[in-house]
Every structure is written in structure tokens, then in C-alpha cells.
Amino acid sequence: MDRPILSVVIPVYNEELGLAALFDRLYPALDALAIDYEIVFIDDGSRDRSASLLAQQFELRPDVTRVVLLNGNFGQHRAILAGFEHCRGDRVLTLDADLQNPPEDIGLLLAAMDQGFDCVGTIRRNRQDVAWRRWASRAMNRLRFRLTGIVMNDQGSMMRAYSRDIVQLINQCEEMNTFIPALAYQFSKNPTEVEVGHEARHAGESKYSLYSLIRLNFDLVTGFSLVPLQAFSMLGIIVSLLSGVLFVILAGRRLFLGPEVGGVFTLFALVFLLVGLALFGIGLLGEYIGRIYQEVRARPRYQVNAVLERRR
């Protein structure tokens with residue numbers, strides 16, 4: 001089977017309103033590169049007409065179009081993993097279907113790979129997201145770097161390019177919950193980042209709510225670092241030492257000054273603080289244990305319902 005130079009992997013979930021515009025811009029942009037390519041669309045259990053529109057596009061351009069239909073909604077990153085399993089290119093580029101990253105900038109990532117970089121991330125120029133998303137993104141970028149040491153200036157941008165070697169290593173991983181850009185960075189020998197444009201969403205609305213973004217960042221932090229557990233262990237040691245000192249002080253005051261009524265509310269506040277820290281620690285530990293539980297069950301990460309393709 002012939003292997004194209006480039007595979008573009010695009011997860012799709014309820015993008016009916018924007019797919020026509022995506023097709024109108026994506027195919028001409030790739031044709032202009034004058035290279036052998038394929039586009040792998042992964043329908044992640046869409047409830048609208050997205051799957052039907054993808055099937056129609058396959059009929060129009062079967063030479064370069066492949067469609068993987070998943071039997072349910074498994075999430076963006078698992079959909080991309082399904083695309084990695086089915087793509088064939090020497091270079092693999094991931095792209096969202098919402099047109100916030102211009103397809104015309106794909107050449108910038110390929111040019112960086114021509115220079116010898118095996119993992120090319122992107123930094124969104126003049127982001128068009130709402131203010132709270134930009135602030136949250138900057139905060140998580142700083143937190144992620146401190147916890148994991150992974151260098152990504154814009155972790156939320158999914159327009160990224162990977163060499164075939166990195167994609168094959170990712171395919172060997174069997175993690176249920178992961179963050180693909182961070183996983184690729186760990187396997188990369190020579191990563192880099194380039195600036196790309198950023199546009200307002202063409203149609204529809206973001207599939208990531210505030211809760212979904214929080215869950216995604218939990219996957220990133222707990223999947224690539226033990227620092228939160230280690231930090232909480234150190235905090236526990238410090239609190240234990242301070243509690244011992246406080247006990248000695250209170251015992252001394254009891255012996256030398258007799259019973260005291262004052263300070264009761266201060267002690268209550270201290271107890272509530274310690275209880276809050278304990279509950280937070282239990283929750284953090286539960287996040288790690290929950291992920292262990294998901295891994296040991298070894299359930300499939302996704303289920304493919306059908307693949308539309310033409311043998312090359």
C-alpha cells in the first residue's frame with residue numbers, strides 16, 4: 001500500500017454547520033502544497049448530520065479522503081488516537097474541524113519539519129477566544145510547566161505535526177486518558193513551535209465546557225507527573241510538624257497558666273483548615289487511583305463502527 005507524504009487527522013463531533021466551509025478551504029490548501037496527502041476524518045459519534053456530510057465528501061474525493069466512524073462519543077483525544085491508528089502518512093498533522101486554525105498555515109508546520117524537527121507545535125497568534133479562556137490557558141501553561149517540565153507555550157492548540165516515528169510510539173501506548181501533545185513531546189528528539197493564525201469559530205459552539213477543560217487538565221497533570229502527590233506529601237509532613245509544635249505550646253500553657261477559654265474559635269478554624277487539606281488530599285489521591293482503575297480494566301479506548309476508504 002502506497003504511503004502518502006502527509007496525513008491530516010481531523011476529529012469531528014457535531015460540526016454539521018461548519019464542515020462545508022472546512023472542505024472549501026482545506027482541500028485547496030493541501031492541493032496547493034503539491035504533495036501526496038490524505039485526510040482522515042474521525043466522526044466521534046456525532047448526533048447531527050456530520051457523518052452523512054463526511055460520507056458525501058468521501059464520494060467526491062475518494063482518492064485523498066478517508067472517514068473513520070466511531071460507535072459513540074469517546075472524546076477528542078481518543079478520536080485522534082483512532083486517526084493515528086488508521087493514517088498512513090510519513091508525517092501526521094492534527095487539525096480541529098472548527099476552522100479556528102487556518103488550513104492555509106499547514107505549510108508552515110511542514111517547512112519546520114523540513115528543517116529536521118520531528119514534533120512541531122503551534123502558538124496561536126491574536127487568539128480570538130473569549131477572555132476567560134485566554135486567562136485560563138495562560139495559567140494552565142504555567143502550572144503544567146512547573147509540574148511536568150513539558151515546554152509548550154500554547155497547549156490548547158491542536159494544530160500540530162508529528163513524524164511517523166512519534167505516531168508509532170503513541171500507538172504503542174495503551175493509556176485510557178492522555179494528552180497527545182504532551183505525550184508526543186516526551187517522545188520527540190527535536191521539538192519546536194511555530195506561530196499560526198487564529199480565527200473565530202466559523203459556526204456552532206465549542207464542545208469544551210469549563211468542566212471539560214478542567215477534566216482535560218486533570219488528565220494532563222496526573223498523566224505526566226507525580227509532583228502533586230509529592231507536594232501534598234511534603235505539605236502533610238509540614239502540617240504534622242506544626243501540629244506537634246502547637247500541641248507542645250498548648251500543653252505548656254495548660255500546665256503553667258491553667259485552663260483557658262480564649263482561642264477556642266482559633267482552634268476550630270485550624271481544625272477546619274486541616275480537615276479541608278485532608279479532603280483535598282483524598283480527592284487528589286482519588287484522581288490517581290481512578291485512573292489506575294480505568295487502566296487495569298483494559299477496556300477498548302474506542303470502537304470503530306465503519307471505515308470509508310479506497311485502497312491506494
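Below, all heavy atoms of this structure are taken into account, side chains as well, without hydrogens, waters or symmetry copies.
Summarising the geometry of Val167 relative to Tyr162, their closest heavy-atom pair is CG2-CB, 4.0 Å, with the distance given to 0.1 Å. Closest non-hydrogen pair, Val40 versus Ile42, comes out as O-CD1, 3.5 Å. Summarising the geometry of Arg66 relative to Cys87, their closest heavy-atom pair is NH1-CA, 3.9 Å, with the distance given to 0.1 Å. Nearest heavy-atom pair across Leu53 and Glu16 is CD1-O, 3.6 Å. Smallest separation of non-hydrogen atoms from Ala112 and Val194: CB-CG1, 4.1 Å. The two residues His77 and Pro181 have their closest heavy-atom pair at CE1-CD, 3.9 Å.
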Checklist entry - Can you list the steps and then say if Leu70 with Arg78 is a side-chain contact (heavy atoms from CB on, under 4.5 Å)? => result CA-CA 10 Å; Leu70 300 186; Arg78 293 192 194 182; over 6 Å; no
Next on the checklist: side-chain contact (heavy atoms from CB on, under 4.5 Å) for Leu6 and Leu30? Distances and angles first, verdict last.
Outcome noted: CA-CA 9 Å; Leu6 174 66; Leu30 292 173; 3.9 Å; yes
Item to check | Stepwise side chain to side chain donor-acceptor pair (under 3.5 Å) check, Asp165 with Ser163 | outcome: CA-CA 5 Å; Asp165 290 340; Ser163 69; 5.0 Å; no
Checklist entry - Can Asp31 and Tyr37 be said to form a side chain to side chain donor-acceptor pair (under 3.5 Å), step by step? => result CA-CA 9 Å; Asp31 290 337; Tyr37 71 87; 2.6 Å; yes
Checklist entry - Could you walk me through whether Ser188 and Asp118 pass the side chain to side chain donor-acceptor pair (under 3.5 Å) check? => result CA-CA 6 Å; Ser188 173; Asp118 59 353; 2.6 Å; yes
Next on the checklist: Applying side-chain contact (heavy atoms from CB on, under 4.5 Å) to Leu110 and Arg91, what does each step give before you reach the verdict?
Outcome noted: CA-CA 8 Å; Leu110 299 182; Arg91 296 173 176 179; 4.3 Å; yes
Checklist entry - Step by step, would you call Val68 with Val304 a side-chain contact (heavy atoms from CB on, under 4.5 Å)? => result CA-CA 7 Å; Val68 180; Val304 177; 4.0 Å; yes
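Judged by distance alone, the side chain of Ser46 and the main-chain N or O of Ala51 form no donor-acceptor pair under 3.5 Å. The backbone N or O of Val196 sits nowhere less than 3.5 Å from a side-chain atom of Asp105 that would complete a donor-acceptor pair. Side-chain atoms of Thr122 come within 3.5 Å of backbone atoms of Met159 as a donor-acceptor pair (strictly under, hydrogens ignored). Put simply, the side chain of Gln303 never gets that close to the backbone of Asn71: no donor and acceptor are under 3.5 Å apart. Remark: side-chain polar atoms of Arg3 are paired, donor with acceptor, to backbone N or O of Arg88 under 3.5 angstrom. Side-chain atoms of Arg164 come within 3.5 Å of backbone atoms of Gly89 as a donor-acceptor pair (strictly under, hydrogens ignored). Of the possible polar contacts, one joining the Asn14 side chain to the Arg47 backbone as a donor-acceptor pair under 3.5 Å is found. Under a 3.5 Å cut-off, the side chain of Ser50 and the backbone N or O of Glu15 do form a donor-acceptor pair. When atom types are taken as modelled, the side chain of Asp44 and the backbone of Gly75 share a donor-acceptor pair closer than 3.5 angstrom. No donor-acceptor pair under 3.5 Å is formed between the side chain of Asp96 and the backbone N or O of Asp98.
Residue Thr178 holds its OG1 atom at 8.0 Å from CD1 of Ile170, rounded to the nearest 0.5 Å. Here CG of Asn190 is found 10.0 Å from CD of Gln115. Values are rounded to the nearest 0.5 Å. From Asp24, atom CG reaches atom OH of Tyr27 across 11.0 Å, with rounding to the nearest 0.5 Å. Atoms CG and CD, on Leu26 and Gln57 in that order, are 9.0 Å from each other to the nearest 0.5 Å. The CD atom of Gln186 sits 11.0 Å away from atom SG of Cys119, with the distance rounded to the nearest 0.5 Å. In this structure, CZ in Arg160 is found 10.5 Å from CD1 in Ile180, a value given to the nearest 0.5 Å.
Residues Leu95 and Ile123 fall into different hydrophobic clusters, defined by Ile, Leu, Val, Met, Phe, Trp and Tyr side chains chained together at heavy-atom separations under 4.5 Å. A chain of hydrophobic side-chain contacts below 4.5 Å, direct or via other Ile, Leu, Val, Met, Phe, Trp or Tyr residues, connects Val64 to Ile35. By the criterion of side-chain heavy atoms lying less than 4.5 angstrom apart, applied directly or through intervening Ile, Leu, Val, Met, Phe, Trp or Tyr residues, Tyr288 is not grouped with Met176; the two fall into different hydrophobic clusters.
Taking the six-membered ring for Trp and thresholds of 30 and 60 degrees, Phe74 and Tyr302 have ring planes more than 60 degrees apart, a perpendicular arrangement.
Contact of the Ile39 side chain with the Ile10 side chain is registered, since non-hydrogen atoms from C-beta on lie closer than 4.5 Å. For the pair Leu109/Ile106, no side-chain contact is recorded, criterion being any heavy-atom separation below 4.5 Å from C-beta on. Residues Arg125 and His198 form no side-chain contact, since every pair of their non-hydrogen atoms from C-beta on lies 4.5 Å or further apart. Side-chain contact between Glu309 and Val67: absent, with no pair of heavy atoms (C-beta onward) separated by less than 4.5 Å.
Side-chain N/O atoms of Ser7 and Glu38 include a donor and acceptor closer than 3.5 Å.
Aromatic pair Phe41/Phe23: ring centres closer than 6.0 Å.
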